[in-house]
Amino acid sequence: MKCLLCDRLSLIHICRECQKKHLSPTIKERKTADGFSIYTFYSYSEIELFLKTKHKYIGYYIYRILAKNSFSLFAKEFEERAYVVGIDDVAVSGYSHTAILAKAMKTKNIKPLYGSLRAENKVSYSGQSLEFRLKNPRNFQYRGKKGIDIILLDDVITTGLTISEAVGVLRKEGCSPLFALTLADAKR
């Protein structure tokens, strides 16, 4: 196969050279309206092409590459014990993009909890306004362990409403959300 970026022959979809050149993350912090910290690895424009593969077959491979170059590196440096929870890790097109991100975080101190935070409202927020998002909350249900420290994961932060809603649900269930990680920030 050929690298998607440089067209050279490669055994992976994005060759290692292009990964070094184009997928070296820069961690930035953003806070929700209520002060919850969200750390992002890329600006949306840097990886927009890759993010748009989310619901396609190739997206499985692309998200694994993105996760390896960001979430895995972060997890290796994180020394506290915590669980990671992907926001609404439902499989679409054969895989869950947030489950891929959670798996990349697995270390001796970090354990993924799959299928524990699911949205009851299945409306798509993609490209929607803040007003639309406010009128259509996700209505998350948490079915995971109680009384634990949690790192939330998602692929993109736009307004921060999804993460804020998830944090509220986790706190009501007796969990301690530490912070969130996302691949990209749409405002950055």
Side-chain angles (χ1 to χ4, degrees), residues 13 23 25 27 30 32 36-44 46-75 78 82-107 110-128 133 136-145 148-171 173 175-186 188:
H13 291 83
L23 296 178
I27 296 177
R30 179 172 160 189
T32 61
F36 187 74
S37 292
I38 302 158
Y39 298 96
T40 62
F41 296 99
Y42 306 98
S43 69
Y44 185 83
E46 287 177 301
I47 60 170
E48 181 177 6
L49 173 71
F50 302 129
L51 294 170
K52 289 184 175 181
T53 67
K54 177 171 28 180
H55 298 301
K56 296 177 176 42
Y57 171 77
I58 196 171
Y60 169 80
Y61 301 101
I62 299 302
Y63 269 74
R64 284 182 57 199
I65 291 168
L66 290 169
K68 181 185 80 93
N69 282 281
S70 56
F71 285 75
S72 290
L73 297 175
F74 182 93
F78 191 77
Y83 290 86
V84 291
V85 172
I87 291 182
D88 204 24
D89 61 355
V90 175
V92 177
S93 301
Y95 68 94
S96 163
H97 62 285
T98 54
I100 290 171
L101 302 176
K103 184 176 181 183
M105 291 285 294
K106 186 177 180 180
T107 65
I110 302 173
K111 305 233 181 303
L113 288 180
Y114 300 107
S116 58
L117 183 66
R118 296 281 173 93
E120 297 295 313
N121 182 352
K122 299 298 181 190
V123 67
S124 173
Y125 278 10
S126 181
Q128 298 294 343
R133 292 166 188 253
N136 296 281
R138 296 283 186 164
N139 298 325
F140 286 114
Q141 298 294 314
Y142 179 69
R143 295 181 182 95
K145 294 181 177 190
I148 58 174
D149 292 335
I150 292 177
I151 301 168
L152 276 168
L153 307 178
D154 206 356
D155 60 339
V156 178
I157 178 173
T158 306
T159 63
L161 287 176
T162 297
I163 290 174
S164 290
E165 185 180 347
V167 167
V169 168
L170 291 171
R171 286 180 177 154
E173 293 294 330
C175 296
S176 298
L178 302 174
F179 53 87
L181 295 175
T182 65
L183 281 171
D185 185 342
R188 194 167 116 183

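Just so it is clear, the values below take in all heavy atoms, side chains as well, and ignore hydrogens, waters and symmetry mates.
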What pair of heavy atoms forms the shortest contact from [X] to [Y], and how long is it?
X      : Y      : answer
Val156 : Thr158 : CG1-OG1, 3.9 Å
Thr32  : Gly160 : CG2-O, 4.1 Å
Val85  : Ser116 : CG1-OG, 3.7 Å
Ala82  : Leu178 : CB-CD1, 4.0 Å
Ser70  : Pro25  : CA-CG, 4.3 Å
Cys175 : Tyr142 : SG-CE2, 3.6 Å

Looking at [atom1] of [X] and [atom2] of [Y], how far apart are the two atoms once the value is rounded to the nearest 0.5 Å?
X      : Y      : atom1 : atom2 : answer
Leu181 : Leu183 : CG    : CG    : 9.5 Å
Tyr83  : Leu152 : OH    : CG    : 15.5 Å
Ile47  : Lys52  : CD1   : NZ    : 12.0 Å
Ile150 : Leu170 : CD1   : CG    : 4.5 Å
Ser37  : Arg30  : OG    : CZ    : 12.0 Å
Ile151 : Ile110 : CD1   : CD1   : 4.5 Å

Could you walk me through whether Phe50 and Ile65 satisfy the side-chain contact (heavy atoms from CB on, under 4.5 Å) test, starting with their C-alpha distance in whole Å, then the side-chain angles of each, then the deciding distance to 0.1 Å, before giving a yes or no? CA-CA 10 Å; Phe50 302 129; Ile65 291 168; over 6 Å; no

Are the side chain of [X] and the backbone of [Y] linked by a donor-acceptor contact shorter than 3.5 Å?
X      : Y      : answer
Ser72  : Ala104 : yes
Asp154 : Ile87  : no
Tyr63  : Lys54  : no
Asp89  : Thr98  : no
Glu165 : Arg138 : yes

If we only count heavy atoms from C-beta on, is the Leu113 to Ile148 side-chain gap below 4.5 Å?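 Result yes, sub-4.5 Å side-chain heavy-atom pair found.
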
Would you say Ile163 and Thr182 make side-chain contact, with heavy atoms under 4.5 Å?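 Yes - at least one pair of side-chain heavy atoms lies under 4.5 Å apart.
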
When the ring centroid of Phe179 is compared with that of Phe78, is the distance short of 6.0 Å? yes

Tell me, with the steps shown, if Met105 and Leu101 meet side-chain contact (heavy atoms from CB on, under 4.5 Å). CA-CA 7 Å; Met105 291 285 294; Leu101 302 176; over 6 Å; no

Given Leu51 and Tyr42, is the side-chain contact (heavy atoms from CB on, under 4.5 Å) satisfied, shown in steps? CA-CA 11 Å; Leu51 294 170; Tyr42 306 98; over 6 Å; no

Assess whether side-chain contact (heavy atoms from CB on, under 4.5 Å) is satisfied between Val90 and Ser96, documenting all intermediate values. CA-CA 5 Å; Val90 175; Ser96 163; over 6 Å; no

Exceeds 12 heavy-atom contacts within 6.0 angstrom, atom NZ of Lys111: yes

If you count every heavy atom of other residues, nucleotides or ligands that lies below 6.0 Å from Lys106 atom NZ, does the total exceed 12? no

Would you call the rings of Phe41 and Phe71 parallel, tilted or perpendicular, where under 30° means parallel and over 60° means perpendicular? tilted

